[in-house]
Structure formats: structure tokens, C-alpha cells
There are 2 protein chains.
Amino acid sequence: MTPQRELVFRAFFELGDHVTVDELYDKVKEKDKSVGYSTVWRNLKLICKVGLAEEVNIGDGVTRYDRVTQVPHGHFFCVECKSLTEFSVDQIVGVLAQSANDHKFVPEAFKIEIRGLCQQCQNKKTSLNTKEEVRD
Amino acid sequence: MTPQRELVFRAFFELGDHVTVDELYDKVKEKDKSVGYSTVWRNLKLICKVGLAEEVNIGDGVTRYDRVTQVPHGHFFCVECKSLTEFSVDQIVGVLAQSANDHKFVPEAFKIEIRGLCQQCQNKKTSLNTKEEVRD
DNA sequence: AAGCTAAATGAAAACGATTTTCAATTTCAA
DNA sequence: TTGAAATTGAAAATCGTTTTCATTTAGCTT
């Protein structure tokens, strides 16, 4: 366990979910400017490999990383402000597991994402559109 | 409507789901070698923009494209052979819509992915591991 | 049909996140 | 302490995606 590796691990678990490599890199640099980007990247990959993190891909070209917790969750992704928030998927996972079973598929992970508008962005939109389009 | 555009549109709908830009490019080239990659790419984006296709991102660095159909579906992604197959998510979408509603989130799309092993890859694995590891 | 403008095309380059290379350094077990 | 193996940092390579730009084309308007 090198000091750099420890820094990366600690930083990752200090940060919340949905961390990008860049964000983690910045966080690590707060403690030690000399740590290289590739070291952060490699150790983040290592965290994934040992099962402590998993990649989250919302299709914006940047991979984010979630801590793997005991509680499975889905993601709300706001297409407007790009924010990512979590929600519980307890029951849903049961249904999905059943689905997988029906198809003889052995599930390892469930990725559930709802894209749309978060509450804030809904408000922004409606406040801008003062004149409503009522008809088609 | 340029002939290139028509070629791209036709090719996209002739191919099945989960098409990559490269695959579409190859398909288009079968009809007309002179069509450029960027033309294929731009028109595929256009197909998305008008709502006839949507991006599918399984986190392997390549964007795939699905035709938008009336029937919502989830994806089984085999982490071994990288195959992508579809399954029905009728009931699940209902639960997710409710979830979104509870969180004041306005859903536009639901992405449901189950990662794991397809039946074929399960068989391969078990046939290879003749000597089983029984204990931790 | 000719002329015109905006849109579309193809080739190449730019972009940007990710991944690899490589020489130097560090860890850790013997 | 010593040597092999692992790790690091900097730089470059990769690779899918996106943009640029000069040229061509589509499709209106007359």
C-alpha cells in the first residue's frame, strides 16, 4: 500500500457518489500536489476491480463512479442541469431479478436510470414560458 | 433529402437494434462507397434528434443506437461476450414512473440494464471449471 | 429553366476522456 | 539489506466522437 494509493482510496470515500476521475484527481491533489493523474486513474480502477466502486455512465462522455453500497439505487438524471440523484429501487430489483431468471440470465448488477427534468429545471422552464402553447 | 441521407436512414432501419456508427457506416458503404463517415454520423444523430432512435450506453466506450419503438424494453448485457438482448419492462416502467412522480421528477426516458451472464456464457464457464471451489 | 441561398457533404483535423508506455522509484518479503 | 515485483509520474498513444472548412447539392424563387 503506497501513500499515493492510500490517498486515492481515502479521497474516493470522502467524496460523495458520481465522482469523475478529474474530481477525484483534484481532491487528491489537495493533499499532495505531486500525485499523477494516471496514479489516480489506476487506483480508481483498482477500487472498481476489488468491488468497492462501480462505473456509472449517463452517456455524456464522462464516466462517474459510485461507491458500491449495500443499498441498490437508481439514478435520476436531469437532462437540463445534468444533475444526478439517487432513488430507491428495492421492489424493482426483485422484478428485474425475476425477469433475468425467466430468461436464464444470471444477473450481476442492475442499472436503472430515469432521464428527465428535476424539480428545479421544471420550474425554470415554466417560468420562462409565460405564454403557454395550449393546442397542438 | 439528399441521397446520402436516405441511404443512412434506410440502412439504420434495415439493421437491428444496438447498432454502432461503424456498423451503420459499413452498411451504408455496401450501397455507396463514397459516403463519408461524418455524413453517416451526422445523419444518425439526426435520426436521434427527430426521435426515431435513442442512444444506448453500456459503458464500453461505444455508443449504440436503438430504434425507438412503441414497446419499451430493457437490456441484458452479457459481460462475457458483450452481447445485448432485450426484455420487456412493461410493469417496471409503471413502478419507475411512480417513483419519479414521488420525487417530483418528470421522466422522459427509462434506461433499464441488467449486466451479467447470458446462458451461453454460463455454460462455457461451468464446463471449464471442472474442479469446483466449494469453500471460501 | 436559371439563379440563388441555405443546407449537406467528405476529408481531414481537432477534441477529450481514457489507457498505455517507460524509465525511475518504492514497497515488501526473504 | 537486497532483489524482484509492484507502483509511480510524465508523456504519449488510443480511439470514439465531434468540428472545421472548402466544395457540392437541394430545393426554393423567379
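Quick note on labels: first sequence line is chain A, next is B, and so on, each numbered from 1.
- Phosphate contact (OP1/OP2 of D:dT7, side-chain N/O of A:Asn43, threshold under 4.0 Å): absent.
- Side-chain N/O atoms of A:Arg64 and base N/O atoms of C:dT18 include no donor-acceptor pair closer than 3.5 Å.
- Within the nucleic acid shown, A:Ser34 comes within 4.0 Å of sugar-phosphate atoms alone, with no base atom in reach, counting heavy atoms only.
- Distance from the side chain of B:Met1 is smallest to D:dG27 among D:dT19, D:dG16, D:dG27.
- For B:Trp41, taking side-chain heavy atoms from C-beta onward, the closest of the listed nucleotides D:dT19, C:dT19, C:dA8 is D:dT19.
- Put simply, B:Arg42 has no side-chain N or O that comes within less than 4.0 Å of OP1 or OP2 on D:dT18.
- Between A:Thr2 and C:dT27 there is no side-chain polar atom (N or O) within less than 4.0 angstrom of OP1 or OP2.
- Taking every side-chain heavy atom of A:Lys45 into account, C:dT19 is the closest of C:dT9, D:dG9, C:dT19.
- Between the base of D:dA10 and the side chain of A:Ser38 there is a donor-acceptor pair shorter than 3.5 Å.
- Remark: aromatic rings of B:His18 and B:Tyr65 are distant, center separation not under 6.0 Å.
- Using a 3.5 Å distance cut-off with no hydrogens or angles, the side chains of B:Asn123 and B:Gln119 do not pair a donor with an acceptor.
- Look at B:Gln4 and you'll find a side-chain N or O under 4.0 angstrom from OP1 or OP2 of C:dG10.
- OP1 or OP2 of D:dT17 lies within a sub-4.0 Å distance of a side-chain N or O belonging to B:Thr63.
- B:Ser34 and B:Asp32 form a side-chain donor-acceptor contact under 3.5 Å, judged by distance and modelled atom types alone.
- Each of B:Glu55 and A:Asp32 was assigned the nucleotide of DNA chain D with the nearest heavy atom; the assignment lying further toward the 5' end belongs to A:Asp32.
- Ring-plane geometry between A:Tyr37 and A:Tyr25 is classed as perpendicular, the angle between the planes exceeding 60 degrees on a 0 to 90 degree scale with a lower cut at 30.
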